[in-house]
Amino acid sequence: GNSVTQMEGPVTLSEEAFLTINCTYTATGYPSLFWYVQYPGEGLQLLLKATKADDKGSNKGFEATYRKETTSFHLEKGSVQVSDSAVYFCARISGNTGKLIFGQGTTLQVKP
Amino acid sequence: NAGVTQTPKFQVLKTGQSMTLQCAQDMNHNSMYWYRQDPGMGLRLIYYSASEGTTDKGEVPNGYNVSRLNKREFSLRLESAAPSQTSVYFCASSVPGQGSNQPQHFGDGTRLSIL
């Protein structure tokens, strides 16, 4: 099928810890992949994207690499801050009309 | 810097009432989308409009209708609200999608409760 699966949360880390949020996808071909972030009470914002295999998207210290061999797009950050506390969504393009398929979201809580 | 604007931000309805959620974008995007967000289920596509004058069903269209009023505006209507439609609704827009790798831009959401 066509789906996106994220690791279940919540993820609780101390400030400056290393973050990994796993994301895997199923698809025919190599769709563009995205990470979105949702801060409390707000809509989703694009965090980073990768449009082809082996691409690395990066923004605000976050990175994710498009791995076609493992059909994965894991989100990483070397040193998280309290301000990174949010819900993170992995998503992939579906078809040719720009539709997105989202994972279920992973809540990150960073404690001082 | 408005981007995607949704109104209202909050609404409480009684079962059976009707309501229209409004969405407008000022980025000259052709494609617009309506999602609902429920705990543990991510965002699910209700309806989308690939271009002005066209609308198509998404994953969970039952109980909803949409109107693409013009290029800027895409409204979502609940004709007879049910408690199962209690959710947070998000509107989004994007650049035309042929072979698209462009991200969607989201509004801040409408929090809807059906009693």
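Below, chain A is the first sequence line, B the second, and so on; all start at residue 1. On a predicted model such as this, the values are computed, not experimentally measured, just so you know.
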Q. Considering all heavy atoms of both residues, which atom of Gln25(B) and which atom of His29(B) are nearest to each other, and what is their separation?
A.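 Answer, listing the atom of Gln25(B) first, then His29(B): NE2-O, 2.8 Å.
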Is the side chain of [X] donor-acceptor paired with the backbone N or O of [Y] at a distance under 3.5 Å, no angle test?
X: Ser85(A); Y: Val110(A); value: yes
X: Trp35(A); Y: His74(A); value: no
X: Thr51(A); Y: Ser32(A); value: no

(Q) Are there residues of residues 105-115 of chain B whose heavy atoms fall under 4.5 Å of chain A's heavy atoms? If so, which? (A)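 The list, in residue order, reads Phe106(B), Gly107(B), Asp108(B), Arg111(B).
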Q) Should Lys52(A) and Asp54(A) count as an ion pair when the cut-off is N to O under 4.0 Å? A)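 Salt bridge flag = no for Asp54(A) with Lys52(A).
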Q: For this output row, return yes or no: ring centroids of Phe34(A) and Phe89(A) closer than 6.0 angstrom.
A: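 That pair fails the under 6.0 Å test.
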Q. Hey, do the aromatic rings of Phe62(A) and Tyr88(A) have their centres closer than 6.0 Å?
A.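 Judged by ring-centre distance (under 6.0 Å), Phe62(A) and Tyr88(A) do meet the cut-off.
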Q: Under 4.5 Å heavy-atom distance to chain A, tell me which part of Leu43(B) shows up: side chain, backbone, both or neither.
A: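 For Leu43(B), the contact with chain A is made by backbone and side chain together.
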Q: Examine whether an atom of Gln37(B) lies under 4.5 Å from a heavy atom of chain A, and if so say whether it belongs to the side chain, the backbone or both; otherwise answer neither.
A: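 For Gln37(B), the contact with chain A is made by the side chain alone.
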Q | Contacting region of Gln38(A) [heavy-atom separation from chain B under 4.5 Å] | A |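 Side chain only.
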Q.
Against the six-membered ring of Tyr30(A), is Lys68(A) placed for a cation-pi contact (under 6.0 Å from the centre, within 45° of the normal)?
A.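 Because its charged atom sits under 6.0 Å from the ring centre and within 45° of the axis, Lys68(A) does stack over Tyr30(A).
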Q: Heavy atoms only, distances under 4.5 angstrom: which of Thr107(A), Leu46(A), Val87(A), Leu44(A) has the most pairs with chain B? Name it, please.
A: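 Winner by heavy-atom pair count: Leu44(A).
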